[in-house]
2 protein chains.
Amino acid sequence: MTRSGAGSSIKAVAALAGVSIATVSRVVNGVANKASAETTARVRSAVAALDYRPASAGRALRQRTSRLVAVLAANLANPAMAAIAASAEIALRKRGLVMVLCDTHDRPALQDEYLKEMQAQQARAIVLLAAVESPMLAAMRGGPTPIVFVNRRDPAGSAGLHVGIDNAAAGREVAVHCLDAGARTIAIIHGSLASSATSERVRAVREALAARGVPHASVVVETAEDDDHLAIGYRSAKRLLERSSPVDAVICTSDLIAFGAHRRYVEDGGAPPRLVGFDDSPLNDWIAPWLTSVRIPYENYGEAIVSLLAADDRAPAARIVPYRLMVRDGPSRNRGR
Amino acid sequence: MTRSGAGSSIKAVAALAGVSIATVSRVVNGVANKASAETTARVRSAVAALDYRPASAGRALRQRTSRLVAVLAANLANPAMAAIAASAEIALRKRGLVMVLCDTHDRPALQDEYLKEMQAQQARAIVLLAAVESPMLAAMRGGPTPIVFVNRRDPAGSAGLHVGIDNAAAGREVAVHCLDAGARTIAIIHGSLASSATSERVRAVREALAARGVPHASVVVETAEDDDHLAIGYRSAKRLLERSSPVDAVICTSDLIAFGAHRRYVEDGGAPPRLVGFDDSPLNDWIAPWLTSVRIPYENYGEAIVSLLAADDRAPAARIVPYRLMVRDGPSRNRGR
DNA sequence: AAAATCAAGGAAAACGTTTTCCTTAAGCCC
DNA sequence: GGGCTTAAGGAAAACGTTTTCCTTGATTTT
């Protein structure tokens, strides 16, 4: 006798119910027209009595696919990515899928290592939070394993499954917001343009400013070579402060960049300019009441991802979710009063 | 011919190398004295040529254990938990293990559901980030699957594997720090005392204050029934503000609670009291320069967890990692000047 | 009333590994 | 040179499922 609940096999259930293991399997998996109501009930109660749950290894072996879904995040230290992961986990679980979470540190080699590992795990699907191009990704593209690109589109062409916001529209709205708020000279601080999200945002801001008559050359664009967004913001703000003429508003392509810039301005002692970021998080209300930010509903990304996986091939291959500009004008900005 | 890299089986490798699958398995797994140098080389090059990696389902089935390690976090929205998860992922990966991350929302029923699922997955080990007591946990305790309790100790007795800081010492240090900084009346805001970490911190603070001659009754202790730490801090600070006499320092059992309290004070308009929290994160330097906090090296927790799993049964069953009080006195506190 | 469908369920194959036995040949010790 | 041990490697079992066949009655169709 095996210990009761733990790891009872299909054989034990079959024996207890007085049927073959085939029947148990069919009842558990809900195959129609293969068991009488009476048999079904007997099997069900045996399953409950033994607390049986099919061993995933056996199932995966036979079905040649596991219930694992890999989420490869570029940087888990980024609260936005963590939020997406948390949301994905819930949505996957609801479908009986299990999330495997990995941190690629935005490095192609590591991303490839994980892709290979997940192939060995026979992962049901791959979710890439901010993908980078890599050999293995190229090899798997078009293969049988669905790949969902979140935030950043597929780095090679925009064909793949995608979840994200309309970055161009958001960029325009941010630009217009700054102008409407009275800003005359505007700066942009951005991260790596290899990210489609970043490049789309930057381009949209510039175009919107140009369309409103702001001379192209008067827009200051800063960036820094660093994969830490905080550092990018800090160093870029430093350079903005070194300029002869100050700017009225700084548009950052992520909240972390804005945090970095804000710190630099605070250290400087003066009143920081209007700061705008992207991502937003409920935490901003608490710790960054000075930051206007494009709220991206990461808590809904999980469902969007899963629905994309469930959809048939003819459904639209992208879920563009709505964003919302959260205007904040809290303590820190007018600290100088 | 199967498509080259993808999912080649051990049979293909054996055929290419001209050996049996048994030999391939042994070479891949590094079994000594079972293959000549020449054979080993031939197998290795076949493995490389086909980009072979053992299917984990087959392996798990045979070995009756997978390479999955489950990390069950009480709340992924908490940056501290996310940081631990990120660190665990790296450490596990280094040992060829794969992290499965789940969010139990601090609910026993959900924790049990995950525990069952992970048993079906034949998880190699279970890591509980802030465990709650639950029937399934009780059933698995003492079973073959190692369980590591992180931050909170095993809710039923302190026998289990544990990674955390010396909360009593940290609590004392925080209390002394406040007194040394000149605080006369001190408040404590804490979360659920079901967490051993929280209760140990609160007790240590109170004892240290008493030892320094602060009358027991003069210490204000606040809390709120909520699983959102931000809300606990906010609501508790509200009550502190309603008191006739203000406090000089508020010790919070987590940074999130401190964030919540800070917001309430800022809304009030006056200068917030000295605020102290627990957890800390690199982000605090950027966004909460007003928060003194006990820095817990979550980035090292992954290694501590893994070392606990690797240790034999006679090694000490706990890893108490060093903490450090990060004293900050940035802009927001002396904003009133 | 023969033919055809269909529900119910069992036996056994298949999935891809690891590992236990075996076998063979070589080396070593006396 | 006979008994050891040992390296090298193959055949086959075992792991726990799902699923393909197959069989047997019962019911429906023609």
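Below, chains carry the letters A, B, ... as their sequence lines are ordered, and counting in each starts from 1.
- Evaluation of the salt bridge (Lys or Arg N to Asp or Glu O under 4.0 Å) test over residues 25-44 of chain A, restricted to residues two or more places apart or in two chains, returns none.
- When each of B/Ser20 and A/Ala55 is assigned the nucleotide of DNA chain D with its nearest heavy atom, B/Ser20 is the one assigned upstream, toward the 5' end.
- OP1 or OP2 of D/dG10 sits under 4.0 Å from a side-chain N or O of B/Thr23.
- Close to C/dA14, at under 4.0 Å from its OP1 or OP2, lies no side-chain N or O of A/Arg62.
- Remark on DNA chain C: of its neighbouring residues A/Ala35 and B/Ala57, the 5'-side contact belongs to A/Ala35, judged by nearest-heavy-atom nucleotide.
- Across all strands shown, A/Val19 has heavy atoms under 4.0 Å from sugar-phosphate atoms exclusively, and none from any base.
- Side-chain N/O atoms of A/Gln63 include one lying less than 4.0 angstrom from OP1 or OP2 on D/dT19.
- Residues that satisfy the salt bridge (charged side-chain N to carboxylate O under 4.0 Å, His left out) test with B/Glu117, not counting sequence neighbours, are A/Arg53.
- Between the C1' atom of D/dT19 and the CD1 atom of A/Ile10 lies a distance of 12 Å, rounded to the nearest Å.
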Which atom pairs, donor and acceptor, lie under 3.5 Å between side-chain atoms of residues 12-25 of chain A and protein residues at least two apart or in another chain?
from, atom 1, to, atom 2, distance (Å)
A/Ser20, OG, A/Ala22, N, 3.3
A/Ser20, OG, A/Thr23, N, 3.4
A/Ser20, OG, A/Thr23, OG1, 3.4
A/Ser25, OG, A/Asn29, ND2, 3.4

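- The main-chain N or O of A/Gln111 is never found under 3.5 Å from a side-chain atom of A/Ser134 such that the two would form a donor-acceptor pair.
- The minimum heavy-atom distance between A/Tyr52 and A/Ser9, with the atom names listed, is CE1-C, 3.7 Å.
- Axis angle between the ends of the helix from C/dA1-D/dT30 to C/dC30-D/dG1, five pairs each and rounded to 10 degrees, works out to 40°.
- Each of B/Thr39 and A/Pro54 was assigned the nucleotide of DNA chain D with the nearest heavy atom; the assignment lying further toward the 5' end belongs to B/Thr39.
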Show each protein N/O and nucleotides 21-28 of chain D N/O combination with a separation under 3.5 Å, one pair to a line.
none

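- Residues satisfying the salt bridge (charged side-chain N to carboxylate O under 4.0 Å, His left out) criterion with B/Arg93, sequence neighbours excluded, are A/Glu113.
- Distance B/Arg53 CZ to C/dT17 C1': 16 Å, rounded to the nearest Å.
- Put simply, CD1 on A/Ile21 is 11 Å from P on C/dG10, counting in whole angstrom units.
- Using a 4.0 Å cut-off between a side-chain N of Lys or Arg and a carboxylate O of Asp or Glu, A/Arg319 and A/Glu303 do not qualify as a salt bridge.
- One can place CG of A/Asn33 at 13 Å from C1' of C/dT5, the figure rounded to the nearest angstrom.
- For the pair A/Gln122 CD and C/dA14 P, the interatomic distance rounds to 18 Å; values are reported in whole Å.
- The interatomic distance linking A/Glu38 (CD) with C/dA7 (P) rounds to 18 Å, in whole Å.
- Pairs engaging residues 97-107 of chain A under the side chain to side chain donor-acceptor pair (under 3.5 Å) rule: A/Asp106-A/Arg152 [sequence neighbours left out].
- Rounded to whole Å, the distance from CD on A/Gln119 to C1' on C/dG16 is 15 Å.
- Residues forming a salt bridge (charged side-chain N to carboxylate O under 4.0 Å, His left out) with B/Lys11 (at least two apart in sequence, or on another chain): none.
- Look at B/Ser36 and you'll find a side-chain N or O under 4.0 angstrom from OP1 or OP2 of D/dG9.
- Rounded to whole Å, the distance from CD on B/Gln121 to P on D/dG16 is 15 Å.
- Pairs engaging residues 127-139 of chain A under the salt bridge (Lys or Arg N to Asp or Glu O under 4.0 Å) rule: A/Glu133-A/Arg141 [sequence neighbours left out].
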